[in-house]
Amino acid sequence: YNALFNENAGAFLAQRSVEFDLVIATDLFIYIGDLNDIFAGTGVVGLEAVSRGATAARLIEKDARQVNDIQKYADQFGVGAKVQVIKADAHRWAERWLPPKDAVNLFLSPPFPDLTEKPDEFLALVNLLLSKAPTESVLTIQTEDGFPVERLPDPAAWDVRRYGRNMLCFLVKGVSAAAAGAARRA
């Protein structure tokens with residue numbers, strides 16, 4: 001992951017700090033197993049990931065209308081067999097999640113007010129997912145200014161990239177902060 005991210009995507013993302021398009025990040029997801037798109041919203045991240053080659057995507061969304069729309073678009077775009085849309089509250093889903101033995105991608109992009117108005121609840125979710133995720137799983141959080149990045153577990157191990165007021169925070173579980181930093185500098 002670190003070599004791929006730093007050699008290929010890192011240079012691209014660094015050149016496009018203001019006009020960054022989140023869909024570009026889905027290029028990273030196809031290399032590390034399945035994608036769990038938690039707080040899926042419109043489903044664009046998960047659908048884009050499978051359209052670019054991800055093996056499968058699980059999209060967790062609590063809004064029934066969004067769930068129906070995501071499934072409709074997955075079928076319409078010919079990726080329905082690779083997509084599982086789950087109508088569930090993200091926090092309840094995480095409590096019941098039985099992770100696979102191999103590394104997965106966990107992508108979290110909650111409603112931004114949740115990040116500033118309920119940071120303790122969101123950070124508890126991050127800690128729960130990290131405790132369950134297999135080693136070498138990649139956790140990606142999409143957030144914006146005002147989110148307490150310093151309160152993430154092992155804050156020095158996160159690769160935080162800013163794009164205007166938005167941020168993407170990446171963590172590879174089991175990769176030490178020193179190794180992550182060395183890979184980013186390479």
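- P100 pairs by the side-chain contact (heavy atoms from CB on, under 4.5 Å) definition with W97, V104, not counting sequence neighbours.
- Put simply, CG on N36 and CG on L129 are 8.5 Å apart, with the number rounded to the nearest 0.5 Å.
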Carefully, step by step, assess L125 and W93 under the rule side chain to side chain contact (heavy atoms under 4.5 Å, CB included).
CA-CA 10 Å; L125 173 63; W93 174 84; over 6 Å; no
Identify each donor-acceptor pair in which a side-chain atom of residues 65-81 lies under 3.5 Å from a protein atom, sequence neighbours left out, and give them as a table.
residue, atom, partner, partner atom, Å
N68, ND2, A64, O, 3.4
Q71, NE2, D75, OD1, 3.1

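- Identified under the salt bridge (charged side-chain N to carboxylate O under 4.0 Å, His left out) test for residues 90-104, with sequence neighbours left out: D89-R92, R92-E95.
- Atom NZ of K62 is surrounded by 12 or fewer heavy atoms from other residues, nucleotides or ligands within 6.0 Å.
- Minimum interatomic distance between L115 and E144 (heavy atoms only, all atoms of both residues): CD1-N, 4.4 Å.
- Contact record, A90 with I60: CA-CG2, 4.1 Å, taken as the closest heavy-atom pair.
- With respect to the salt-bridge test (charged N to carboxylate O, under 4.0 angstrom), the residues R58 and D34 qualify.
- Qualifying side-chain contact (heavy atoms from CB on, under 4.5 Å) partners for D145, counting only residues two or more places apart in sequence or in other chains: R162, R165.
- K87 places no side-chain N or O within donor-acceptor distance of the main-chain N or O of D63, the cut-off being under 3.5 Å.
- Between H91 and E121, some side-chain heavy-atom pair lies under the 4.5 Å cut-off.
- Among residues two or more places apart in sequence or in another chain, the side-chain hydrogen bond (donor to acceptor under 3.5 Å, both in side chains) test is passed with R151 by D120.
- The backbone N or O of L123 lies less than 3.5 Å from a partner atom in the side chain of N127, making a donor-acceptor pair.
- A heavy-atom distance below 4.5 Å is found between the side chains of L130 and L139.
- In this structure, the side chains of V85 and E61 stay at 4.5 Å or more apart for every pair of heavy atoms.
- Considering only heavy atoms from C-beta on, L152 comes within 4.5 Å of I141 through its side chain.
- Here SG of C169 is found 9.0 Å from CG of D159. Values are rounded to the nearest 0.5 Å.
- Heavy-atom minimum distance, G43 versus L59: CA-CD2, 3.5 Å.
- Between W158 and P153 the shortest heavy-atom distance is NE1-O, 2.8 Å.
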Could you walk me through whether L171 and V138 pass side chain to side chain contact (heavy atoms under 4.5 Å, CB included), step by step?
CA-CA 6 Å; L171 177 79; V138 178; over 6 Å; no
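- Residues T135 and G174 approach most closely at CG2-CA, 4.3 Å, considering heavy atoms.
- Applying the ring-ring contact (aromatic ring centres under 6.0 Å, His included) definition to pairs two or more places apart or across chains, those involving residues 112-140 are F122-F147.
- The distance from the CG atom of D37 to the CD atom of E48 is 12.0 Å, given to the nearest 0.5 Å.
- Between N166 and T143, every side-chain heavy-atom pair lies at or beyond the 4.5 Å cut-off.
- Counting heavy atoms from C-beta outward, F107 and L35 have side chains that approach closer than 4.5 Å.
- For the pair T140 and L168, the minimum side-chain heavy-atom distance is below 4.5 Å.
- Nearest heavy-atom pair across Q142 and S109 is OE1-OG, 2.6 Å.
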